[in-house]
Amino acid sequence: MRNRLIGTTAVAAASVIVLAGCSNDAGTADDVDFSATPTGTLAAWGFENADDVGTARLDYAAEQLSDVEVQLDATAFDSQKFTTRIASGDVPDVVQMDRRYVTQYAAQGLIMPLDSCFEAQDVDADDRWYESVVDDVRYEDQVWGAPQFYQPPAIILNKRVMDAAGVTADEIDTSQPDVLLAAIEKMYQESGGVPTRLGLDPVSTGQSALWILGAGGQLTDDDGVPTLDDPSNLAGMELLQRINDAQGGFAQVKSFTDAFDTFGDANQYVTDQVGAQVNAQWYPNVLSPYLEQIDIEAVPFRDSDGEPFSVSGGQAFVIPAGAKNPGAACAWVSALTSGEAWNAAGEARAATRAADGGANTGLFTGSPQPDQEIREKWVTPSGNEGFDQVVATYYDVVDYGTSFGSSPAGQDIQNELNNAVTAALLGDKTAEEALADAQDAAMRAYENAVASR
């Protein structure tokens with residue numbers, strides 16, 4: 001789901017209204033008997049454009065909560081709409097959002113901690129979800145969301161381009177910048193200074209946190225305070241600068257990649273516009289119809305020590321403070337994120353793939369047990385050895401995940417980091433200046449978020 005992002009000032013203003021409007025009478029987790037049998041009407045906001053996976057999980061949860069009527073607002077999450085709804089008293093019982101928002105709303109008192117909910121449902125958060133995933137929604141020693149999905153990044157290789165340039169998979173190693181740059185330069189092609197083929201598309205802004213954290217940087221401290229100006233963040237910025245400069249500069253790279261037919265028949269692997277590209281786990285699904293036209297493998301992104309590395313982006317369900325039916329909300333999100341629900345989704349996806357003849361790449365649920373169960377039951381050889389190696393690589397790297405860092409300014413930190421990377425790569429600011437400005441903006445957002453606590 002793509003979330004519309006709003007500025008810090010708008011978030012802060014909306015939050016002041018919300019807190020002033022609901023702080024006296026909003027329900028809290030302490031007021032709720034989460035062990036009671038769930039009944040009544042449940043107002044849920046999420047599952048925009050639900051596919052076979054989402055529909056199967058919704059059906060499973062409905063079977064478990066037969067006395068609950070779910071009224072689903074299946075529209076995209078919107079920060080301003082969320083705070084406006086709470087301020088007006090139109091409080092949903094469950095909201096699905098990007099995990100980067102969760103701690104922000106926890107710090108503002110707009111959502112409930114879910115520890116007592118999980119206890120009533122016999123859910124051990126650290127057992128149900130990967131450590132890095134649950135750490136995304138952990139704040140002040142409490143868990144504030146029920147996570148779903150974790151689609152780790154890796155580097156998908158175009159073997160046709162690499163073989164023609166004499167580049168091997170071992171050379172696409174983000175822990176060895178000089179080796180990586182030499183491989184990029186062998187594969188890069190241009191015409192009149194304009195790229196016609198990238199050796200590596202680093203997805204500089206979309207994957208900025210991956211490069212910064214993988215090179216040993218940190219976005220927050222242990223308390224969630226922004227640390228964008230930490231000197232350790234320079235290594236990742238400098239590597240991105242070198243990769244882009246080796247391919248005509250960031251402006252040229254960005255213009256070239258913006259024109260990719262990423263989801264179409266002329267995608268960058270079919271047309272050999274990349275030798276390699278950083279991609280999240282969902283992208284092999286896009287490539288699966290083109291197995292006869294592409295020759296791909298994958299390697300993990302590696303940290304500065306040479307170890308596989310990934311970051312744990314995804315979504316979560318939260319229960320707003322003041323929800324009218326939090327008991328049913330608790331039972332519903334527990335059912336939706338259970339192993340049984342995910343296995344029902346895995347079966348639905350298998351049926352879809354049997355009908356369309358596509359390759360099954362599995363589901364990356366955010367939970368280790370259903371991930372493995374679905375893989376063992378439904379992920380079978382596609383007949384394309386390279387594609388199967390890509391799928392296996394993503395399963396390999398999922399265990400190496402790290403949290404972006406749980407912070408009351410989480411979304412603003414990501415936005416400001418992207419702004420800093422863009423400014424530095426364009427040459428508008430030095431890396432130090434860009435990160436310093438980003439830190440100032442992120443700290444303002446952080447201070448606004450925690451002011452009410």
Side-chain angles (χ1 to χ4, degrees), residues 26-35 38 44-46 57 61 77 82 86 92-150 219-225 311-323 325-339 341-342 364-371 398 401-411 413 446 449-450 453:
T28 68
D30 293 337
D31 302 326
V32 182
D33 179 8
F34 287 115
S35 63
W45 180 11
R57 293 166 61 214
F77 177 77
F82 177 64
I86 293 181
D93 296 306
V94 176
V95 181
Q96 177 182 302
M97 62 179 63
D98 189 287
R99 290 201 287 271
R100 302 302 297 276
Y101 282 106
V102 171
T103 305
Q104 172 181 329
Y105 296 130
Q108 296 172 5
L110 302 185
I111 60 176
M112 295 183 183
L114 299 186
D115 301 83
S116 56
C117 160
F118 291 150
E119 182 179 0
Q121 295 294 321
D122 197 26
V123 172
D124 182 337
D126 293 310
D127 181 62
R128 174 166 289 193
W129 294 287
Y130 294 101
E131 179 181 3
S132 59
V133 169
V134 75
D135 281 350
D136 282 347
V137 295
R138 196 190 305 273
Y139 178 61
E140 294 187 342
D141 297 323
Q142 294 179 295
V143 179
W144 298 81
Q148 62 168 355
F149 297 116
Y150 164 25
L219 305 184
T220 70
D221 66 15
D222 291 341
D223 296 320
V225 179
V311 286
S312 58
Q315 301 166 333
F317 298 106
V318 301
I319 301 177
N325 197 350
C330 168
W332 195 64
V333 300
S334 177
L336 286 169
T337 58
S338 67
W342 283 117
F364 284 65
T365 68
S367 298
Q369 183 173 337
D371 278 1
V398 76
T402 188
S403 171
F404 283 107
S406 174
S407 173
Q411 194 65 52
I413 289 170
Y446 174 84
V450 301
R453 294 186 70 82

Geometric cation-pi criterion R57 and F149, 6.0 Å radius, 45° cone:
yes
Exam field: side chain [X] to backbone [Y], donor-acceptor pair closer than 3.5 Å:
X	Y	value
S334	A331	no
S367	R128	yes
D98	R100	yes
D93	N325	yes

If we ignore angles and hydrogens, is there a donor and acceptor under 3.5 Å between the side chains of D371 and Y150?
no
Just so I know, are the side chains of [X] and [Y] near enough to count as touching, which here means a heavy-atom distance under 4.5 Å?
X	Y	result
Y446	S407	yes
R138	D126	yes
W129	T337	yes
I111	F82	yes
V102	D136	no
V32	S116	no

Contact summary for [X] and [Y], nearest pair of heavy atoms:
X	Y	answer
T220	G405	OG1-CA, 3.9 Å
Q142	W144	O-CD1, 3.2 Å
Q148	R99	O-NH1, 3.2 Å
P408	Y139	CG-OH, 3.5 Å
V133	P147	CG1-CB, 3.3 Å
S132	S312	O-OG, 3.2 Å

Once you round to the nearest 0.5 Å, how far does OG1 of T365 lie from OH of Y130?
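The OG1 atom of T365 sits 6.0 Å away from the OH atom of Y130.
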Any chance you could measure W342, atom CH2, to Q369, atom CD, to the nearest 0.5 Å?
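These two atoms lie 14.0 Å from each other.
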Under the side-chain contact (heavy atoms from CB on, under 4.5 Å) test against M112, which residue among P326, C117, P320, C330 passes?
P326
Would you please name every residue forming a ring pair (Phe, Tyr, Trp, His ring centres under 6.0 Å) with F404, sequence neighbours left out?
none
Other residues, nucleotides, ligands: >12 heavy atoms within 6.0 Å of D124 CG
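Atom CG in D124 is crowded, with more than 12 foreign heavy atoms closer than 6.0 Å.
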Geometric class of the F77/Y105 ring pair [parallel <30°, tilted 30-60°, perpendicular >60°]:
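Ring orientation, 0 to 90° scale: perpendicular.
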